[in-house]
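Atoms within a ligand are numbered from 1 in the order they appear, just like the ligands themselves. One-based numbering along the sequence shown.
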Amino acid sequence: MNPITTHRVQLLLASWLVLHGCLLHAQQPFLSEAQWTLMREEASGLAPYENLRSLTRLHRVPATPEFDQAAEFMLMRAKEYGLQGAHAEQFPIDGKIHYGLMRSHLGWHVEAARLWELQPERTLLGDWATDPIRLADYSHSADVDAALVDVGAGTSEADYADKDVRGKIVLADGALATVQRIAVMEHGAAGIVSDMPNQTTAWSGLDTTIVRWGHLDALLPSGFAFMVSKGTATALRAQLTRGRPVTLSAHVKAEVGPGHWTVVTATIPGTDPQAGEVVYSCHLDHQRPGANDNASGCVTILESARVLARLIESGKLPRPARTLRFIWGPEVEGTMAFLSGHPDIRRSMRADVHMDMVGGDPYKNKSILHVTETPWSLPSFVTDVGELFAETIRDSAAVYAEDGSHREAAVVEDRNGASGTRNEFLSDRTPYAEGSDHDDYDSSTIAVPSLYLRDWPDIYIHTDHDTLEQIDPTKLRRVALLGAASGYTYAAADAEQANALLPFFAARAQRRLAEGFERAQGLVNDSRMQPREAWYEARNLMTQMLWREQAELRSFSTYVQSDPEKGVAFSKDLDAQVAMLNRWMDRAAALRGAHDFQPLAPWRGEPDASRIPVRTAEFGPLTFQNDDVLVDRLGSERMGKIKLLDNESNRLFRVQDRGALYAYEIVNFVDGKRSVGEIRDAVAAEFGPIPLDVVADYLKACEEAKIVALR
Ligand SMILES: [Zn+2]
């Protein structure tokens with residue numbers, strides 16, 4: 001053995017010991033090594049993968065017969081897996097009934113739908129029976145042979161100049177509901193053929209065979225749409241450009257009207273009925289196949305349930321004090337209906353594990369598994385718990401991927417011939433992002449902090465390519481373990497753990513404050529602002545971050561009802577850290593010529609700043625899948641005048657709209673104590689500086705809509 005080899009072996013041995021030591025204890029301080037290992041060994045990737053296979057065969061549009069078949073399947077599995085009180089509930093919907101603040105939507109029943117090209121060739125372009133994604137949701141009955149007219153995007157009047165679309169079928173790639181309103185309702189077109197593009201990612205447009213899932217406006221009384229791929233639409237456009245007529249034959253037998261939402265729920269009872277509940281949520285709806293979005297979340301919370309039920313019922317894991325509840329229903333709408341129907345359960349919920357897209361093979365659909373923070377309006381320890389378990393899995397998977405060691409710790413699913421990968425676990429922690437049921441749970445009038453687990457991006461979301469093929473059973477197993485460990489920790493946490501856990505949470509808080517300082521430095525040096533204004537925004541950011549971290553520490557003490565005094569010393573240490581960081585920042589401000597910091601807000605003296613909004617409306621946030629409370633109550637013309645909201649943006653694209661994020665949090669920060677100015681400072685820290693009058697203007701619109709009263 002030459003000296004170099006000896007040295008290498010020593011190094012390897014040293015690194016093995018370091019890693020081995022880390023891996024064994026990485027799940028602490030929340031679970032013992034034995035508890036973690038039990039859950040790790042029980043978790044399966046194959047079980048959720050096979051359940052997912054069943055769900056992907058169903059076109060799971062809410063309030064349709066196939067959605068109910070999916071619900072039936074989840075109910076059957078919940079019973080098989082030994083969950084308690086498993087049952088399905090139906091909530092009537094008619095477009096008028098409200099659940100909390102949300103107006104219900106409509107149901108849809110399709111008997112048949114086919115689109116033929118008659119001329120120049122006889123080709124079948126879409127058939128509901130074999131490929132239901134080809135028919136846009138809420139299409140109405142029709143029986144027409146008609147010419148196809150290319151209207152470009154079809155979303156503005158100009159697209160229809162010099163074109164006669166009456167009785168014809170339009171080819172458009174604009175937002176579908178807008179095309180329906182203009183082409184069908186205003187210009188008398190019979191229906192639509194659409195190649196509306198999918199949500200934008202770096203890969204958008206590269207694959208021209210993808211067919212997107214489309215939705216018409218269920219509240220409009222007529223129209224149908226067939227969805228085609230970009231490739232098909234391009235070929236049709238080429239025909240029309242060459243002056244060759246295209247004749248289509250559309251047959252749709254479908255009805256939009258009152259119906260019901262089905263929600264399935266089941267529990268693992270805790271030892272103390274007074275201790276509250278930990279809820280696992282997902283959404284069971286979406287197009288066929290909808291493998292990652294969101295069959296994956298449904299089957300993975302089910303797998304977390306199976307693991308915990310098996311270990312708790314067999315006595316291997318102590319039964320936690322809090323009840324674990326699992327809910328499968330239509331996205332956002334099912335959550336609102338269930339919470340509205342069960343105010344007692346809503347009030348007893350303490351924490352939520354929400355999974356929406358958790359099984360994507362990152363090398364196929366380009367996804368990263370994000371552990372998503374609660375919004376700043378609801379600081380909570382729940383994110384730190386989930387983040388720690390995600391790190392544990394990620395680090396073990398990285399070691400295994402690199403040198404093949406620690407296979408068991410890496411939680412790889414290739415037992416019993418399962419087809420899991422040996423990939424790394426690509427995960428990180430990200431700020432709050434909108435777009436799923438956690439928006440309800442995290443909103444101020446429900447206030448159940450959510451651990452939101454989500455793949456993003458996913459280049460196949462809401463298309464016919466979101467198939468089983470994109471799913472990695474190894475990832476399903478890992479996320480099921482992450483979900484089981486997190487939910488069990490929330491359910492079992494007690495006051496005795498405070499001494500061990502407060503230093504952990506405080507250390508993570510210190511790390512975030514140090515990272516946040518870099519953002520504050522960017523603000524203090526932002527040349528777009530005057531030096532004193534920049535200084536105020538930077539100091540405000542540090543103040544709000546400190547408030548958030550101290551509230552997060554308190555959230556744990558409150559959750560386990562431990563002596564609040566125990567957290568005080570840690571809280572003071574955070575004060576001291578921020579005082580130091582502020583001194584550093586003041587020096588940066590001095591370099592720009594600003595001295596003697598006075599905490600005077602730029603908005604002081606403005607009459608609206610000191611007014612205090614109070615929440616007056618029913619529970620829930622203001623936007624839902626198919627309902628926007630402000631549009632409902634104020635009308636779209638008044639909405640168009642709200643400064644904060646970009647009225648160009650389509651409701652379905654709100655996920656990426658920053659105005660909507662501000663709006664969500666402005667309403668959440670309304671607590672009857674904060675003034676309009678203080679709410680401005682809170683959202684300015686979270687998302688970036690914003691003028692006071694934009695916040696005040698939005699709150700005035702909320703007052704007109706009777707959601708808040710301004711005192
Ligand atoms: Zn989803």
Side-chain angles (χ1 to χ4, degrees), residues 48 51-52 55-56 58-64 66-67 70-71 74 105 133 137 198-201 210 212-215 261 263-264 279-302 326-336 338 352-362 365-372 430 432-442 450-468 470-471 475-476 479 483 621 623-627 650-657 660 664:
N51 288 333
L52 188 142
L55 287 182
T56 56
L58 298 165
H59 194 56
R60 310 179 302 277
V61 177
T64 64
E66 285 196 41
F67 181 93
M74 298 313 294
H105 202 50
I133 195 172
D137 292 5
N198 201 21
Q199 269 112 310
T200 308
T201 67
I210 290 175
R212 190 194 200 283
W213 179 36
H215 324 259
W261 286 323
V263 178
V264 173
V279 60
Y280 283 75
S281 54
C282 61
H283 68 82
L284 183 56
D285 55 323
H286 278 13
Q287 86 286 0
R288 187 173 104 190
N292 203 27
D293 190 13
N294 183 33
S296 68
C298 297
V299 299
T300 309
I301 69 164
L302 178 69
F326 303 84
I327 299 179
W328 296 271
E331 185 168 23
V332 171
E333 299 177 317
T335 296
M336 287 297 291
F338 184 85
D352 169 38
V353 178
H354 183 61
M355 296 192 195
D356 187 355
M357 304 165 69
V358 296
D361 180 331
N365 73 351
K366 320 300 180 192
S367 64
I368 304 286
L369 193 279
H370 301 297
V371 174
T372 309
T430 51
Y432 173 78
E434 279 192 310
S436 196
D437 304 72
H438 68 295
D439 297 342
D440 302 327
Y441 287 107
D442 283 330
S450 296
L451 173 69
Y452 173 27
L453 304 174
R454 60 176 178 128
D455 276 350
W456 197 254
D458 180 330
I459 63 176
Y460 301 124
I461 182 175
H462 296 178
T463 73
D464 62 343
H465 283 37
D466 181 7
T467 60
L468 201 65
Q470 314 303 334
I471 301 297
K475 185 157 159 184
L476 293 178
V479 180
T623 55
F624 307 97
Q625 289 304 85
N626 293 293
D627 184 33
N650 183 294
R651 277 192 304 184
L652 295 169
F653 288 132
R654 274 275 172 80
V655 175
Q656 280 96 10
D657 180 353
Y664 176 73

According to the interplanar angle, ranging from 0 to 90°, do the rings of H462 and H215 count as parallel (below 30°), tilted (30 to 60°) or perpendicular (above 60°)? perpendicular

Indicate whether the side chain of H283 and that of S436 have a donor and an acceptor atom separated by less than 3.5 Å. no

Side-chain contact test, heavy atoms from C-beta onward, threshold under 4.5 Å: evaluate it for I461 versus T201 and give yes or no. no

So, D437 side chain and E331 main chain: donor-acceptor pair closer than 3.5 Å or not? no

D293 atom (N/O/S) at minimal separation from the Zn ion (ligand 1):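 Per the distance ranking, D293 contributes OD1 as its closest N/O/S atom to the Zn ion (ligand 1).
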
Are any N, O or S atoms from E331 nearer to the Zn ion (ligand 1) than 2.8 Å?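 Coordinating: no.
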
Give a yes or no on whether H283 keeps an N, O or S atom under 2.8 Å from the Zn ion (ligand 1). yes

